[in-house]
Amino acid sequence: MPDREIPEQYLEGYAGILAEVAATGRRLTRDELASRRALGEQAAEAGFGLRSLVIAHLAAARDAWPARGTGTADGALAAVQQAVDAFAEGYERAQRMAVRQEEAARREFIDDLLHGRSDLGRLAERAERFGLRLSHEHAVAVARGPLAYEDGDPVPRQVERALIARFGDRSILLTTKDGRLLCIAPGHQQDVLTHFAKQAHAATDGGQVAVGRPQPGPGGVVQSYEEALNALEIAERLDLDDPVLRAADLLVYPVLARDRQAMADLVHNTLGPLTEARGGAGPLLDTLTAYFDSGCVAAEAARRLSLSVRALTYRLERIHRLTGADPGDPAHRYMLQTAVIGARLLDWPETDVA
């Protein structure tokens with residue numbers, strides 16, 4: 001707060017120290033330095049700006065400057081340097097402590113918010129401190145990269161600076177959780193999450209970002225967060241390499257995985273015979289995956305698998321003979337494609353689903 005007048009209490013004893021040190025040429029004592037650090041901490045905790053505090057010290061030094069014959073300019077300047085340096089050290093120490101406390105409070109709030117460990121009324125009060133109004137809709141975006149990130153790391157700071165430069169504070173909360181970057185924003189401000197996704201993708205060297213759907217209330221933040229996490233998990237299982245995943249576009253996968261036993265039965269009964277093939281089920285499952293992902297275009301699927309079209313056709317015929325289902329037949333295609341998705345979600349054939 002640089003416009004406030006600095007009270008005399010933060011300059012207590014300063015003029016006397018300056019006069020004595022200028023006259024004797026001695027350095028400041030340990031107690032004198034400790035008193036300057038303590039005053040610096042107090043000034044920081046009171047919210048005064050360091051620039052204004054330094055200006056006040058320089059003005060006081062000018063007023064107390066030794067008259068000719070009563071001391072040396074070198075001694076006075078040395079005293080000013082020591083006193084201001086100690087004062088600034090205390091000020092910065094208090095600021096570091098305040099930052100650590102703020103980060104700890106934010107981490108605690110995020111943990112309580114995402115795990116429902118606090119009274120909703122109290123949680124809503126704490127949320128306002130961080131710019132969130134939990135009675136409104138919010139959406140959560142989660143970014144993961146090659147490394148685990150924590151608050152204060154260069155990557156989160158870079159993304160935060162980019163968001164603040166574009167949107168100001170605008171009720172945005174950016175933090176980290178379990179090594180990932182999180183952005184919580186009002187549900188109607190999708191441009192914020194889109195910009196976060198762009199910045200996070202770049203800052204994490206091509207990391208992947210998932211965006212949950214806007215949801216109302218305190219529980220809505222949790223729901224949107226879990227949707228984003230589920231989208232990242234689905235992307236990992238299905239080898240989806242899209243830089244930005246939107247939970248709204250992936251709703252079919254949670255639906256398919258909701259009844260795990262039914263999905264396991266479909267995978268086992270439909271694709272189980274592929275395990276009898278030479279080399280196991282893996283290559284034929286990869287063939288089906290590439291075939292369906294390429295829109296059932298044999299030439300494109302062959303290119304993705306680095307095969308000739310003839311070799312791909314042979315594999316599809318082999319699948320038909322083993323399973324009794326023809327990938328090229330629309331009547332069989334949906335069942336096979338659903339089973340392939342289920343196999344990827346259940347990590348089959350590496351994991352036994354029988």
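This structure is a prediction, so every number in the text was calculated from the model and none was measured.
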Requested in this report: Any chance you could measure Leu181, atom CG, to Glu150, atom CD, to the nearest 0.5 Å?
Outcome: 11.5 Å

Query raised in the report: To the nearest 0.5 Å, how far apart are CG in Leu18 and CD in Glu20?
Result: 11.0 Å

**Report entry** Shortest non-hydrogen contact from Gly212 toward Ala247
**Finding:** CA-CB, 4.0 Å

Query raised in the report: Would you call Glu300 and Arg304 a salt bridge, using N to O less than 4.0 angstrom?
Result: yes

**Report entry** CD on Gln223 to CG on Asn230, rounded to 0.5 Å
**Finding:** 10.5 Å

Query raised in the report: Are Leu229 and Arg180 close enough that some pair of their side-chain heavy atoms sits under 4.5 Å apart?
Result: yes

Query raised in the report: Going by an N to O cut-off under 4.0 Å, is there a salt bridge joining Arg237 and Glu233?
Result: yes

Requested in this report: Measure the shortest side-chain to side-chain distance between Val252 and Ile341 over non-hydrogen atoms and say whether it is less than 4.5 angstrom.
Outcome: no

Do any side-chain atoms of residues 287-298 form donor-acceptor pairs under 3.5 angstrom with protein atoms, and if so which ones, sequence neighbours left out?
unit_1 : atom_1 : unit_2 : atom_2 : d
Thr287 : OG1    : Pro283 : O      : 2.8
Thr287 : OG1    : Arg315 : NH1    : 2.9
Thr289 : OG1    : Leu285 : O      : 3.0
Ser294 : OG     : Ala290 : O      : 2.8
Ser294 : OG     : Tyr291 : O      : 3.0
Ser294 : OG     : Val297 : O      : 3.4

Query raised in the report: When rounded to the nearest 0.5 angstrom, what distance separates CZ in Arg157 from CD1 in Ile164?
Result: 12.5 Å

Query raised in the report: How far apart are the closest heavy atoms of Val209 and Ala141, and which atoms are they?
Result: CG1-CB, 4.4 Å

Report task. Give the intermediate values and the outcome of side chain to side chain contact (heavy atoms under 4.5 Å, CB included) for residues His201 and Val244. Result -> CA-CA 8 Å; His201 176 71; Val244 181; 5.8 Å; no

Query raised in the report: Is a side-chain N or O of Arg144 found less than 3.5 angstrom from the main chain of Leu232, in a donor-acceptor match?
Result: yes

Report task. Provide the closest heavy-atom pair for Ala311 versus Ser308 in the form atom of the first, atom of the second, distance. Result -> N-OG, 3.0 Å

Requested in this report: Write out all pairs satisfying ring-ring contact (aromatic ring centres under 6.0 Å, His included) with one or both partners inside residues 76-96, taking only residues at least two apart or from two chains.
Outcome: His57-Phe87

Query raised in the report: Do the non-hydrogen side-chain atoms of Met263 and Asp259 ever get within less than 4.5 Å of each other?
Result: no

Query raised in the report: How long is the gap from CG on Leu345 to CD1 on Ile234, to the nearest 0.5 Å?
Result: 6.5 Å

Query - Asp191 vs Phe167 side-chain heavy atoms within contact, under 4.5 Å - result: yes

Query raised in the report: Between Glu89 and Arg36, does at least one N-O distance fall below 4.0 Å, as a salt bridge requires?
Result: no

Query raised in the report: Quick one: does Tyr253's side chain get under 4.5 Å of Leu238's, heavy atoms only?
Result: yes

**Report entry** Flag, side chain of Asp153 to backbone of Val155, donor-acceptor distance under 3.5 Å
**Finding:** no

Query - Heavy-atom side-chain contact between Leu346 and Thr351 under 4.5 Å - result: no

**Report entry** Minimal non-hydrogen separation, Ala301 against Leu312, with atom names
**Finding:** CB-CD2, 3.8 Å

Query - Atom CZ of Arg260 with >12 non-hydrogen neighbours under 6.0 angstrom - result: no

Query raised in the report: Does the Thr175 side chain pair with the main chain of Leu182, one donor and one acceptor, at a distance under 3.5 Å?
Result: no

Query raised in the report: Hey, does the side chain of Ser224 reach the backbone of Gly220 with a donor-acceptor pair shorter than 3.5 angstrom?
Result: no

Report task. Applying side chain to side chain contact (heavy atoms under 4.5 Å, CB included), run through Leu173 and Phe109 and close with a yes or a no. Result -> CA-CA 11 Å; Leu173 178 57; Phe109 167 71; 3.9 Å; yes

Query raised in the report: Side chains of Val140 and Leu114: does their closest heavy-atom pair fall under 4.5 Å?
Result: no

Query raised in the report: Are Phe48 and Ile55 co-members of a hydrophobic cluster defined by side-chain heavy atoms under 4.5 Å apart?
Result: no

Query - Heavy-atom side-chain contact between Glu8 and Glu12 under 4.5 Å - result: no

Query raised in the report: Do side-chain atoms of Arg333 reach the backbone of Gly328 as a donor and acceptor pair under 3.5 angstrom?
Result: yes

**Report entry** With Met335, the side-chain contact (heavy atoms from CB on, under 4.5 Å) member among Val340, Thr323, Leu266, Asn269
**Finding:** Leu266

Query raised in the report: Regarding Gln261 and Asp265, is there a side-chain donor-to-acceptor distance under 3.5 Å anywhere?
Result: yes

Report task. Mind running side chain to side chain contact (heavy atoms under 4.5 Å, CB included) on His188 and Glu137 for me, showing each step along the way? Result -> CA-CA 8 Å; His188 66 280; Glu137 274 193 342; over 6 Å; no

Report summary line: Closest non-hydrogen contact found for Pro273 with Leu322 is CB-O, 3.2 Å

Query raised in the report: With no hydrogens and no angle check, is any side-chain donor or acceptor of Glu32 less than 3.5 Å from a backbone partner on Thr29?
Result: yes

**Report entry** Crowding at CZ, Arg27 (>12 non-hydrogen neighbours, <6.0 Å)
**Finding:** no

Requested in this report: Kindly give the heavy-atom pair with the smallest separation between Gly145 and Thr204, and that separation in Å.
Outcome: CA-CB, 4.0 Å

Query raised in the report: Taking it one step at a time, do Leu113 and Tyr225 satisfy side chain to side chain contact (heavy atoms under 4.5 Å, CB included)?
Result: CA-CA 10 Å; Leu113 176 63; Tyr225 170 64; over 6 Å; no

